[in-house]
Amino acid sequence: MIKDIVKNIIIILLIVFGFSFCLFPQSERTILTYREYMGKIESLIPEMKLTASAESNAYNNLVKAKSSGDVKFDLHAGAIGMQNHFNQYSVLPESDFHYNGFRVGAGFSGLIPYSGTRWTVEIRHDGYFGDFESGNISLLPNVPPLNFGTNNFKYYSPSIKIEIAQPILRDFFGKLDRYPIKDAEYQLTIAKLKRMIDNNAVLNSYRKLYYQWIMARKLIDFYDNMIRDSKNFENQALSRYRNGIIDNDAYQNSVRQTLKYNEARDEAEIILNRVLRNIRFFIPEENIIPSEDDWNQTLELSINSEIDAVPFLESVQGQMAYQLKLRAEYGMTIIKNNSMPDLSIVGNVSLSGLDDNGYFNSFSSMTNLNYFVGLMFSYPIGGRDAKAKMMDAYASLNAVSADYERANRDFEVQIGIYFDEFQSYKKMIENKKREINSIVSKVNTQNEKFKHGRLPIEEIINSRLELSKARGELLNLEYSIIATIMDYNSLVLLK
């Protein structure tokens, strides 16, 4: 009797000491709320930096595509010269013509992508300095011969020229010229949508990790309590076995109960360690624990949520698939236009002059007008390259259209799966709670019977194991409904 009293006192002291030991470090632990946790994740996660880089590249490609409308400026300057010898011909004597000079010119050229108009403006000024040595020309008898030679002549020739070309079949009003810009705009839109989808997918995995973290801790706390109760029960069974009240098989069943709880706790600890490994990069601090208040609030919100059918095109996934399809269809129109003949309205006009009154005065002599207006036509005979590109474009469009239909189907199927899971989890949670209440009531009754020796030990052990299993299953069901709502919200992500 005294021996049992001493043993019970020692057990109580050990429990109190262990409780105090566990309580002391907890007082130094910091609770990390879900909002704080996600803030740390979003600020450090490498995947989001990668998706941002992809969008930035798409934007840079658009800027480069718009460079087709940039105005090009050309400037040239240099020396010019000529030396010609003319043999005698009929009445024309043998002559030599030579000059040196300079040429200065500047020009602007460009493309108006949204009209397809190509234009060029060139301003040029030439200066000639030289000699014309000519023999005498006798035109009539008894008339002194003439000599048209001259030395040290100086002439200045300014000019301005404007050219315009406007396609009217192939590249009609800049259809081909606009393609790089329009295609880059599609790619930028797609990159933005893909960034939203990718970011949300990776963040959703970390959202669920937070609640896995809480679930694992809850399971470990629960099994710690069960292990303590089981050890007490095991000690009682040992005492009864030694006193000959129960047999060895009954005592070994109580030992097995403790081992089963330890096994379940070890499994929960595996989950916890896996979670901590995944978040250690973002949360390296020790003694950080999640907020169970967030679990309770999120669980309540999840149970009271609704899973509704959402039109595919209203989701970000649907918008991205639609933009991919639009891009492929637009590319097809470009291929068709590119296979047409090249017919353009072209025109140029130039104004020039020649004067010997000085460099600047020569500009007033620009009275010579030349112009051309007409059509330019070209077409590759055979067109095999255009035909091959057309076939490739059709194949690409068919693939994109099929992928759009597949994505639409998968989207609707997945929403249906989430709806079925959600409805099932709600029922299962309610049933599991009722099952736990039933088992608790049964265990309480069995405890009273066991105290009075009216119940075999195997029955109460089995009931306690049923209770621990049911409570673990309830936690898993609660996490499952939270995860299902998170996955649904991630799937139907709206812009």
Between Asp224 and Arg228, does the salt bridge (Lys or Arg N to Asp or Glu O under 4.0 Å) criterion hold? Intermediate values first, please. CA-CA 6 Å; Asp224 282 341; Arg228 282 194 294 270; 5.4 Å; no

Derivation of the salt bridge (Lys or Arg N to Asp or Glu O under 4.0 Å) call for Lys161 and Glu163: CA-CA 7 Å; Lys161 185 177 181 180; Glu163 292 184 337; 3.2 Å; yes

Given the rule in the salt bridge (Lys or Arg N to Asp or Glu O under 4.0 Å) test, do Asp392 and Lys389 qualify, once you have shown the distances and angles that lead to the verdict? CA-CA 5 Å; Asp392 289 341; Lys389 289 181 178 178; over 6 Å; no

Passes salt bridge (Lys or Arg N to Asp or Glu O under 4.0 Å), Arg118 versus Asp171? Steps please. CA-CA 12 Å; Arg118 287 169 173 79; Asp171 195 22; 3.5 Å; yes

What's the verdict on side chain to side chain contact (heavy atoms under 4.5 Å, CB included) for Phe102 and Val104, showing C-alpha distance, side-chain angles and the deciding distance? CA-CA 7 Å; Phe102 65 88; Val104 177; 4.1 Å; yes

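The side chain to side chain donor-acceptor pair (under 3.5 Å) search around Gln297 returns none, not counting sequence neighbours. Shown here are the side-chain contact (heavy atoms from CB on, under 4.5 Å) partners of Tyr322, two or more places apart in sequence or in another chain: Leu313, Leu326, Tyr404. Partners of Gln187 under the side chain to side chain donor-acceptor pair (under 3.5 Å) rule, at least two apart in sequence or in another chain, are Asp183. With sequence neighbours excluded, the residues forming a side chain to side chain donor-acceptor pair (under 3.5 Å) with Thr117 are Ser115, Gln166, listed by chain and number. Under the side-chain contact (heavy atoms from CB on, under 4.5 Å) criterion, Glu122 pairs with His76, Arg124, sequence neighbours left out. Qualifying side chain to side chain donor-acceptor pair (under 3.5 Å) partners for Tyr210, counting only residues two or more places apart in sequence or in other chains: Asp294. Scanning for salt bridge (charged side-chain N to carboxylate O under 4.0 Å, His left out) contacts around Lys40 gives Glu285, with sequence neighbours left out. Annotation: salt bridge (charged side-chain N to carboxylate O under 4.0 Å, His left out) contacts of Glu435 (sequence neighbours excluded): Lys432. Residues that satisfy the side-chain contact (heavy atoms from CB on, under 4.5 Å) test with Ser339, not counting sequence neighbours, are Ala386, Met390. Legend: residues meeting salt bridge (charged side-chain N to carboxylate O under 4.0 Å, His left out) with Glu55, ordered by chain and number and at least two apart, are Arg195. Scored by the side-chain contact (heavy atoms from CB on, under 4.5 Å) test, Lys175 finds Arg178, Thr333, Ile334, Asn337 as partners (sequence neighbours excluded).
Side-chain atoms of Tyr379 and Leu343, non-hydrogen and from C-beta on, never get closer than 4.5 Å to each other. Using a 4.5 Å heavy-atom cutoff, the side chains of Phe411 and Val492 are in contact. Residues Asn100 and Ile80 form no side-chain contact, since every pair of their non-hydrogen atoms from C-beta on lies 4.5 Å or further apart. Taking 4.5 Å as the limit, every side-chain heavy atom of Gln414 sits out of range of all side-chain heavy atoms of Asp410. Counting only heavy atoms from C-beta outward, the side chains of Leu375 and Val346 never approach each other to under 4.5 Å. In this structure the side chain of Met215 reaches within 4.5 angstrom of the side chain of Trp295, judged on heavy atoms. The shortest side-chain heavy-atom distance between Leu491 and Ile415 falls under the 4.5 Å cut-off. Under the 4.5 Å side-chain criterion, counting only non-hydrogen atoms from C-beta, Asn431 is not in contact with Met428.
In this structure, the side chain of Ser302 does not engage the main chain of Ile485 through any donor-acceptor pair within 3.5 Å. In this structure, Asn398 contributes its side chain and Tyr394 its backbone to a donor-acceptor pair below 3.5 Å. Thr51 places a side-chain N or O within donor-acceptor distance of the main-chain N or O of Met48, the cut-off being under 3.5 Å. The closest donor-acceptor contact from the side chain of Ser490 to the backbone of Met486 lies at 3.5 Å or more, if one exists at all. Panel note: side chain Thr33, backbone Glu36; a donor-acceptor pair is recorded below 3.5 Å. In this structure, the side chain of Asn304 engages the main chain of Glu300 through a donor-acceptor pair within 3.5 Å.
Ile481 approaches Leu299 most closely through the heavy-atom pair CG2-CD1, 3.8 Å. Shown here for Arg464 and Tyr261, the closest heavy-atom pair between the two residues is O-OH, 3.1 Å. Nearest heavy-atom pair across Ile45 and Glu42 is CG2-O, 4.1 Å. Residues Trp213 and Ile289 come closest through the heavy atom pair CZ2-CA, 4.0 Å. Scanning both residues, Trp119 and Leu111, for their nearest heavy atoms gives NE1-N, 4.1 Å.
More than 12 heavy atoms of other residues, nucleotides or ligands lie within 6.0 Å of OH in Tyr330, so this atom counts as buried by the packing criterion. Residue-environment remark: OH (Tyr371) stays at or below the threshold of 12 foreign heavy atoms within 6.0 Å. Applying the 6.0 Å contact sphere to CZ of Phe419 captures no more than 12 heavy atoms from other residues, nucleotides or ligands.
To the nearest 0.5 Å, the span separating CD1 on Ile283 from CG on Asn278 amounts to 11.0 Å. Leu219 CG to Leu272 CG: the interatomic distance, rounded to the nearest 0.5 Å, is 10.0 Å. To the nearest 0.5 Å, the span separating CG on Asp266 from CD1 on Ile271 amounts to 11.5 Å. Taking CZ of Arg434 as the start and CD1 of Ile436 as the end, the distance is 12.5 Å to the nearest 0.5 Å. Annotation: the span from Asn204 atom CG to Asn489 atom CG amounts to 8.5 Å, rounded to 0.5 Å. One distance of note links CG of Asn225 with CZ of Arg471; it measures 9.5 Å at 0.5 Å rounding.
If you look at Tyr211 and Tyr479, their ring centroids are not closer than 6.0 Å. You'll find the ring centres of Tyr206 and Phe282 inside the 6.0 Å limit.
Within the structure, salt bridge (Lys or Arg N to Asp or Glu O under 4.0 Å) pairs that include any residue of residues 196-209 comprise Lys194-Asp198, Lys208-Asp487 (at least two apart or interchain).
Of the N and O atoms on the side chains of Ser424 and Glu421, not one donor lies less than 3.5 Å from an acceptor on the other residue. Thr258 and Ser230 share a donor-acceptor pair across their side chains, judged by distance under 3.5 Å alone. No donor-acceptor contact under 3.5 angstrom links the side chains of Gln323 and Tyr186, judged on distance only.
Between Glu430 and Lys426, no side-chain nitrogen of the basic residue sits less than 4.0 Å from a carboxylate oxygen of the acidic one, so the salt-bridge criterion is not met. Between Lys325 and Asp403 there is no salt bridge, since no side-chain nitrogen of the basic residue lies less than 4.0 Å from a carboxylate oxygen of the acidic one.
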